[in-house]
Amino acid sequence: MIKVQREDFDVGAELDALARDNHAIGGIASFVGLVRDVAGAQSVGAMTLEHYPGMTEKMLAKTEAEARRRWPLETCLIIHRFGRLEPGDRIVLVATASAHRQAALEACAFLIDWLKTKAPFWKLEETAAGTRWVAARASDDQAAARWVAE
Amino acid sequence: MKVLYFAWLRSKTGVAEETLAPPPGVTTVAGLIDHLKARGGGYADALKDLSCVRIAVNQEFAELDQAIGAGDEVALFPPVTGG
């Protein structure tokens with residue numbers, strides 16, 4: 001399931017809802033991404049997440065389909081926020097549920113690695129020196145690339 | 001053809017979205033980008049280093065040699081930084 005939204009989400013409620021009606025699920029793995037208050041040497045007051053409506057949902061759905069193709073998942077959830085967020089705010093939730101932990105944990109890592117390099121979101125940081133667009137990191141590409149070889 | 005710009009490409013061009021009739025001879029993304037660069041100003045600045053530009057055609061990632069036509073939606077944006 002994919003949700004792209006401005007609103008915050010309740011991690012506990014979302015995870016509970018995933019497994020509520022499916023008792024074949026033996027475990028849920030999750031990743032929650034948060035806004036940090038530092039970027040390099042500068043402190044960040046807030047950030048605005050811009051995205052490409054339409055393509056975002058399409059790319060997240062493709063990423064979810066790829067995870068389901070690779071691992072025996074009972075269900076999976078991606079929530080990604082957009083708009084202005086402050087340090088400590090939740091940005092993203094990835095949760096994967098499976099009969100056993102290995103599939104859930106691996107698929108969760110795969111989903112966050114892939115969406116970071118494929119979902120069309122961009123971060124604009126507000127610092128004391130003004131606003132600046134966050135540059136993509138080579139380490140994110142490397143993290144995504146390790147799943148290509150497997 | 002609809003052309004969309006995101007993040008600093010939008011800041012530099014000053015435009016989020018435009019509809020344009022591709023001139024004769026423009027049949028690929030590369031041709032479209034040359035056409036846009038020729039406008040000069042913010043367009044030339046935004047598109048001067050294509051190693052920092054990613055392309056989507058009809059909301060799928062695409063390369064410079066992708067064929068495009070009048071009904072297509074082309075988006076130009078920096079490498080993504082979500083998650």
Side-chain angles (χ1 to χ4, degrees), chain A residues 2 4 31-36 39 47-63 78-83 85 90-94 108-125 130-141 143-144, chain B residues 1-20 28-30 32-33 36-37 41-83:
Chain A
I2 305 296
V4 181
F31 174 86
V32 181
L34 306 172
V35 179
R36 281 177 300 161
M47 69 163 57
T48 299
L49 266 152
E50 177 176 329
H51 78 116
Y52 181 178
M55 183 173 175
T56 303
E57 290 81 356
K58 212 164 162 174
M59 293 309 298
L60 292 177
K62 281 174 84 163
T63 304
I78 303 172
I79 305 178
H80 204 305
R81 296 177 68 191
F82 61 88
L85 301 173
R90 286 175 279 271
I91 306 172
V92 62
L93 168 66
V94 174
C108 185
F110 165 82
L111 282 171
I112 189 64
D113 283 349
W114 263 42
L115 84 80
K116 279 187 93 79
T117 60
K118 294 181 194 301
F121 286 93
W122 302 275
K123 291 180 179 136
L124 179 68
E125 287 176 345
T131 61
R132 62 166 185 203
W133 291 100
V134 174
R137 294 151 59 110
S139 60
D140 288 338
D141 285 334
Chain B
M1 175 184 301
K2 193 150 96 172
V3 186
L4 308 176
Y5 308 88
F6 291 97
W8 54 256
L9 275 105
R10 176 173 44 72
S11 312
K12 289 188 175 186
T13 60
V15 176
E17 178 178 335
E18 62 183 314
T19 302
L20 54 94
T28 63
V29 174
L32 172 67
I33 288 176
L36 294 170
K37 277 163 85 170
Y43 287 90
D45 186 33
L47 298 167
K48 66 175 182 259
D49 180 4
L50 294 183
S51 71
C52 307
V53 176
R54 299 292 176 268
I55 302 153
V57 175
N58 300 327
Q59 304 185 351
E60 303 272 359
F61 280 105
E63 301 294 331
L64 284 167
D65 60 1
Q66 168 102 29
I68 48 172
D72 288 326
E73 176 176 303
V74 181
L76 303 172
F77 48 76
V80 302
T81 56

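In the text below, chain A, chain B and the rest are named by the order of the sequence lines, each starting its count at 1.
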Query - Minimal non-hydrogen separation, Ala75(B) against Tyr52(A), with atom names - result: CB-CE1, 3.4 Å
Query raised in the report: Between Lys62(A), His80(A), Arg81(A), Lys116(A), which has the largest tally of heavy atom pairs under 4.5 Å with chain B?
Result: Lys116(A)
Requested in this report: Might you work through the side-chain contact (heavy atoms from CB on, under 4.5 Å) test for Thr81(B) and Phe121(A), ending with a clear yes or no?
Outcome: CA-CA 6 Å; Thr81(B) 56; Phe121(A) 286 93; 5.9 Å; no
Query raised in the report: Between Lys123(A) (side chain) and Gly83(B) (backbone), is there a donor-acceptor pair under 3.5 Å?
Result: yes
Report summary line: To the nearest 0.5 Å, atom CH2 of Trp133(A) lies from atom CZ of Arg10(B) at 5.0 Å
Query raised in the report: Which region of Ile91(A), side chain (C-beta onward) or backbone (N, CA, C, O), has a non-hydrogen atom less than 4.5 Å from a non-hydrogen atom of chain B, or is it both or neither?
Result: side chain
Query raised in the report: Less than 4.5 Å apart, any side-chain heavy atom of Glu57(A) and any of Gln59(B)?
Result: no
Requested in this report: To the nearest 0.5 Å, tell me how far Thr131(A) OG1 sits from Trp8(B) CH2.
Outcome: 14.5 Å
Query raised in the report: Just how far is it from atom CZ of Phe6(B) to atom CE of Met55(A), taken to the nearest 0.5 Å?
Result: 9.0 Å
Query - Neighbour count >12 (heavy atoms, 6.0 Å) for atom CD, Glu17(B) - result: yes
Query raised in the report: Who wins among Glu50(A), Met59(A), Lys118(A) for the most heavy-atom pairs under 4.5 Å with chain B?
Result: Glu50(A)
Query - Segment of Lys58(A) engaging chain B (4.5 angstrom heavy-atom cut-off) - result: side chain
